[in-house]
Each structure stands twice: as structure tokens, then as C-alpha cells.
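Data first, discussion second: the structure below is written as C-alpha cells.
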Amino acid sequence: MNKKNKIKKRDFIKLMAYVSGSGIIASTGMIKTKKVRASSHNKCSFGMGSVPTTADTMDPVFRTSGSDGIYNYAVYEGLVRRGPDLTPGPELAESWSSNNDGSIWTFKLRQEVTWHNGKPFVAADVIHSYKRIIDPEVGSPGASNFAGIDPNGMIALDDHTVQIKLKAPDVDFPNTTVFSQSMIVPEGSGKELSTNPIGTGAFKAEGFMPGEIINRFVKNENYWGDGPYIDELDIVGIGEREARVAALLGGQIDIASQLNPSSMGSLQGNSKFKIQENKVGTSTIAYCHTDTPPFDNNDLRLAIKYATNRQQMLDLYYQGKGALMNDTPIPGFIEGGLDVVRELNIKKAKEHLSKAGYPNGIDLKFEFGKFTNEDQWATIWQQQLAQVGIRIELQQRPTDGYWGDVWLKEGHPFAYSGWNVRPTHAALGLWYVSTANWNESRFKSETFDANYAKAKATVNKRERIKLYHACIREVADHAGHFVPFIQSFMDATTRKVSGHQPTAGTLSFNKISLG
Amino acid sequence: MHFFFRLVFQRVVLSIVSLAAISVIIFTLVEFLPGDAATRVLGRDATPKNIEVWRKRFNLDRPPVTRYLLWARNFALGNWGASLVSVQPSSAGNPGGKTMRSVADMVLPRLGNTLILASCVMAISIPASLFLGIVTAVFRKRRFTVWLSGLVLFGVSMPDYVTGILMLLVFAVYLNWFPPLSLINNAESTLEIVKMLTLPSLTLAIAVTGIAVRMMQGSLLQILDSDYVRFATLKGLSWSRILFSHALPNALGPAIRVTVLSLVWLIGGVVYVEVIFTFPGLGMLLLNSLKLLDTPVILAGTMLLSGFLIYANLIADLLAAYLNPKLRTE
């Protein structure tokens, strides 16, 4: 044996100790730690369900994913805000009014507002922001929502009054301005906003870095409105629901958003935490292309609708937390919505199926992506439809690229979708108007289009809502949307957090306080 | 020495060929995936007009071969290129925020974090596997060894994501000893960093140690059964002298190799573990870039990991040859 190769016991143990010790010391020593803050420092960590991506942007016109939408709410504001029940309320605009048919809108702006860089907020900022959204060269994903604006029809009547002319009347236009791509940015600003945002909001970005798990926002001392009541807001992206709950239980975050009833188990009955629910939530939808056989037959669509046991689905899938729906995601408890529930009716379902020409049942393929628990949802539905002879083969598609490769695409006529609840006029306009970009079920009806256009030009609220109801009834009976329920938004916070509410509307970080 | 130089030279040349091949394969696979960065980023907002504008923004309007060759030339010259989708933060000397972010700026800090995690894993697993390997081989007939071997087998068989979730559940959620999110860049003290690193390191170390222990135990058992060990015993040498002077040096070679090879497990497992513990490492970045089809970042990340594996293997071979002259054959 070569002497050099001999190992002494003592040396061996020493060597191992060195390896372990130096490895750990070197590792931890490489990380720079942040200074511990004074205990009076008031910091809130908001755990969001969207995973931050390196494509995140703080330029509102380019906002696409869930994470940058949430960041934007901390820094920017729109003319109008949307409350937890989706009704419009004043934000940067104090008040608004229109001409007789709703084709010219005048917004009175707040006077005391300043930008994060100290400059005053004026009408020119609003015009600049709207011009950016509708400029085809900018390529804003929200441009189509503002296609109704006349590009040459935006005028600053004075420093705090803006007039916007529309190509066609739209009495719901103020509620359209809530789309987060239309948050107001300073005049003359452009792409630099993507990482160096300047807004009027309650918080300023501190070194925004796309794709970082935590992005920090600090208090805007000169905020015009209510709050902010915290010095710092950390927005933490934690994709897994269970991990968000674990982080809340472990004290690493103060608010865990986008939870569901099954993830609440360890929080229920625990006095240290509060659970919050908002029924104006989100929907899990199936749609079919109404121009593609066999789905072009409305009797088949009705058979599917009558065979769906909505209550059972909501109970099994979401522990009953939500509201039953009548095949449109527009619930009766929002303005202009309609509460009708189609009762389960096996006999009627079978009749419609026979009438459609399938007395012995039919085999269909349904495609979905598993973003959360859609597989469970689809399996429950599969079992229910099987009772009347509608046999669905479930085909799970990769979630990455689902929206680009399956959704809306030719050759994928029966598939999954999901939407947050939107105000009535927006929902009808986005999903059911013949020419709408997101008309998933390819629903085309002259009556609907006419009623919708008429509603948009009807200033009288009662008359308008009547027309919207007619639209909703038509959609429920004829469109290729299968919406059994909407599920509630559920967030959980520590006991000391107040002022937070889960919402599909405008997130109010300014109101959050730690008691 | 001549042998070592030749080995290093051969392997370096081969590694360049391998890396070039890997880059072609990765690029082609990404190209074949449905969609592109523009459709992935736009998601549901991907109208034909938007896609056209965004493709131009992301420089995707050139043919794939041109894009690959451009990337390969720049990469060879040490320029890793720029992300397709991520904008350079203005704080990094880019007041206009108009250019795309450099891949090196995105990858290197994350690689640093992953290396920290990997070194913690190795710091736990190397001594643990040597110790357990020796104990289970020397005391192979004792009852506790059976239990120990069972535990080791359990560690090897459990996938990282199961161990990780169990660890999270028990030590972070129920016992609250460690934080569930390993956000090491936001830690406020060194103690916090150590706490944040513990669970992910242990999760990975369990799998890596399991494999190394079994290998170490196997090669030691073979040696302990050999004639020269039996002769040393008959000669009256103490067991510690037999073990540490005669048996262990010969068993170390294969054990080191297997420890290095277990890096493959480590690299595979690191992605799961980073996601489970929300650890800001290279695995998370790669996963994110794959979702967005951000080719330059995917290529840089895979090149780094592949290069790391290739050279770790070379180091293992060199070490083994150094410890065992029999391996230095021409």
C-alpha cells in the first residue's frame, strides 16, 4: 500500500468536519443580509397567487399576466375605480357626465393629485395615457377594449377637465375606463415605465425587478386619498395555494390571496386568522363552437345545460362557496345582471338530445388545462352528463400555452375557459357580440347585437337594464357557454390586517392597515 | 502527470462538442414547442395584430436558423445575449428602460443562489454518506444497521417533491421551526438564511446521501471481504487500522465518483425543490423561461448546468485516478 494513500482516522474526521463547516459558512456568508428594521416599521406582505415572470412590466399599457396587474394597482390609478361589487366609483376623476346619447363624456379630474415625481396631475396626462392605449404601433393588449374612442376626439377643456368623444354611444363608458391597461401615466412617459414606474398611487416602486419573487413598494407620503396606513408593501408571488397558506401560517406573509375552500382547512377555527369571501368571484366555464357540428345544434347545447346539476357541482367542487348560474357568468347581484337558475331536468335533457338526433347518446371530447383543480370540475361534469347519455372523453392539455394553442383555436370546438366576473355591459360585449375578440362560443345573433347596441345608447337606466336582461336570456338559451356557477374569491389574512377585501375590481392597497 | 494533462485536454475538447450539440438540441426543441414568446406572454390577449407587434418587439421576426447562429456566435465570444421578454431595469444603467435585459444579469445571481444550495447539500451529504456507508458496511450484521439501511433505501426511493412537501408540512407548517418560503435574498439576518436553507438542503441531501451510502457500503463490503483484509485481520491489526489505512482508500474512488454523479440527481431535484420552497434559484428561472419560451435564457441556463455536469465528471475521474493508481492506464 502506497503510504501517501493511507488515511488516519483523526485526519479523516477532521477533513469531514472541514468540508461540512466550510461549505455551510461559505454558503451563508455569500448572501448579503438586509438590515433589520426598527420594530415600529409597518410592513405588510401580500401573497399573490400569480407567479411573477421575467416578462412582468410596470407599464400599464403592456400589462398582461396576473402578477403585473397586481403590481400596477399599488402604483397607478385609473379615472374610475371598480368596487368589490363592480360598481364604478370616482378615483382620479371626481365626477363625470355625458351628452344625451352617451357619445361624448366629460371627466372632472381631482385637483390635489401629484405624481410620484412631484409634478401635478393634469388633463394632458389622461389624454397621453389614452392615446398610448389606442395607438396600434404601441400594441397594447387592452387596445380592443378602447376601440370605441375617437382618436381625434380627446380634448383638455382645462387643466382638470377632459372630454372624450366616442365613435358610437356607450352609456357604460366610465366603467370601461377601469380596465387596468388604461391606468393613467404622466404625459410624455413611455417604455421607461416598464421598470421605472411613476404613478399617482398610494405606493412607489422600489427597484422593481421583473420575475423577482418579492417586489417592494414604499409609502407615497403625498398620496391624495385615504391612507396608505403601511410604510411598505411587499408583493410576494407564491404560485402554489398550499404554499401561500403555509407562508401565512408561518408568519412570512400577512395576506394570502386567491385561496379556495379546500386550502382553508388549517385556517378555519384559528383565531389568529381571518377568512374573507366575495361572491363576485370567478367562473369555471365550458364553451363550444356554435358554428361547428355537432355543437351547431342548439338542442344538443340545451341537453347539456339541462343535464348539469349545478348545486351538486358547486358543493363537490367548491364546498358550496359561490352562486349558481344560468350559463352566463353574469350574476344577478351585480348591476344589470340576472339571477335565473336552470334546474336539473333529466327528462328535458333527454328530450333535447333525441330532438338533436342522438336518442342513443353522443360521444364528445372535452379539452381543458389544469390551472388549479379543473380536472375535478371536469370529472364531476362528465359523471353528470353520462346520466343522459352524453359521454365526454376528458383530454387534459398542457397549461403552458393553453390560451395560445387550444383556447379559441379552430379544431378545438369543446373546451375549458374561465373568467372573473365582469360588469354586465363588459361581459356581454366581450363574450357575445358577433365581432368580439373573445366570443369563445362563436355566438352570432342579430337580435342580440341589436339589443346590445341599443342598450349601450339608452341613457335611462331601467330601460337599459331591461335590454341587458333580454340579452342575458338569449345568451343563456342559445349561446355555447356552459356556466354552472361562479365560485367566490377567498383570501385569508392575519387577525391584525384590516382594510383588505378580495375583489375582481380595483385592489385597494391604500386601505390596508396592521392594527 | 502526463496522463492527467492528456485526460483534461481530451475532455475539454469533447465537452465543447457536447455543449454545441446540446445547444442545437435545446434550441430545436424550444422551436418545436407550440407558440412562441409573443403568444406566451400575451396569453389570452394574443390577437393577430398584437402578436405581430410583439414578435417585432421580441426580435422573433427573423428565421430560426439566423437566430440560432447569431446566438451561437455571441455565446462563443462570451456574450450570452439578451432576454426576449424581460426589460432591463432602469436602475442598472439604462435610464430609458428601452433595451432588453442581459441574460447574464438574469442567470448569474440565480446560479449563485443554486450553487449556495448545492454546496449546502454537499456539505451535508458527503460526510453523512461516508459515515453511514462505513457504519452500515462495518456493522452489517447488527440490528440497527438493518434499520439504517431501510431508512437509506427510503431516502433513495422517495421522490424529492414528496420529501420536500412532507418536510414543509411537518417542520414549517406544524412545528413552525423553519420558514416555508426560502427567500434567501430577503432574509434579514444570517440565522434566518441558515433557517431558510435548512429544509431545501435536507430534502436534496436525503436523496443524494441515500445513493452515495449504498454505493459506499457496496464497495466497502467488497473490499472487507477481500483476501488482503482477511490477511491483515489474521496478522492481528486493529480494525480501525484495517478500515482507515487499508480498506477505505480503495473504497473512496468509487464513492467519490458516485457522489459526483449524484449531482445529476441534485440538478434534476433542484427544480422541484426550488418551486416547493419558493427558492430564487436557477431552476425557478429556467422553469419561468420555459413557460415564456425565452430561448436565450433557456440556452444559457442549460449550457451552465450541462457544463457543470461535464466538468464535475472530469473532476471525479481525476480524483479517482489520483486516489487509485490502477485507473491511470494508458
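Here the structure is a predicted model, which means the values were calculated and not measured. Side chains are part of it too, since the values below use all heavy atoms of this structure and drop only hydrogens, waters and symmetry mates. Throughout, protein chains are lettered first and strands after them, A, B, ... in sequence-line order, and every chain is numbered starting at 1.
- Taking A:I214, A:L249, A:N437 one by one and counting their heavy-atom pairs under 4.5 Å with chain B, the maximum is reached by A:I214.
- A donor-acceptor pair under 3.5 Å is formed between the side chain of B:N288 and the backbone N or O of A:T54.
- Looking at B:V85, both its backbone and its side chain come within 4.5 Å of chain A, counting heavy atoms on both sides.
- No side-chain heavy atom of A:V51 sits under 4.5 Å from any side-chain heavy atom of B:L287.
- The residue among A:G404, A:G211, A:A246, A:P136 with the most heavy atom pairs within less than 4.5 Å of chain B is A:A246.
- Listed by first and then second residue, the side-chain hydrogen bond (donor to acceptor under 3.5 Å, both in side chains) pairs that reach into residues 132-142 of chain A are A:D59-A:R132, sequence neighbours excluded.
- Within 6.0 Å of atom CZ in A:F371, more than 12 heavy atoms from other residues, nucleotides or ligands are found, so the atom counts as buried in its surroundings.
- In terms of heavy-atom proximity, B:R101 sits nearest to A:P210 at NH1-O, 3.2 Å.
- When every heavy atom of B:V41 is checked against every heavy atom of A:A55, the shortest pair comes out as CG2-CB, 3.8 Å.
- With contacts defined as side-chain heavy-atom distances shorter than 4.5 Å, the pair A:E242/B:L168 does not qualify.
- For B:L290, no part lies under 4.5 angstrom from a heavy atom of chain A.
- Across every non-hydrogen atom of A:D405 and B:P34, the tightest pair is OD2-CB, 3.3 Å.
- Residues A:T53 and B:K291 have side chains not in contact (no heavy-atom distance under 4.5 Å, counting atoms from C-beta outward).
- Using a 4.5 Å cut-off between heavy atoms, B:L181 touches chain A through backbone and side chain atoms alike.
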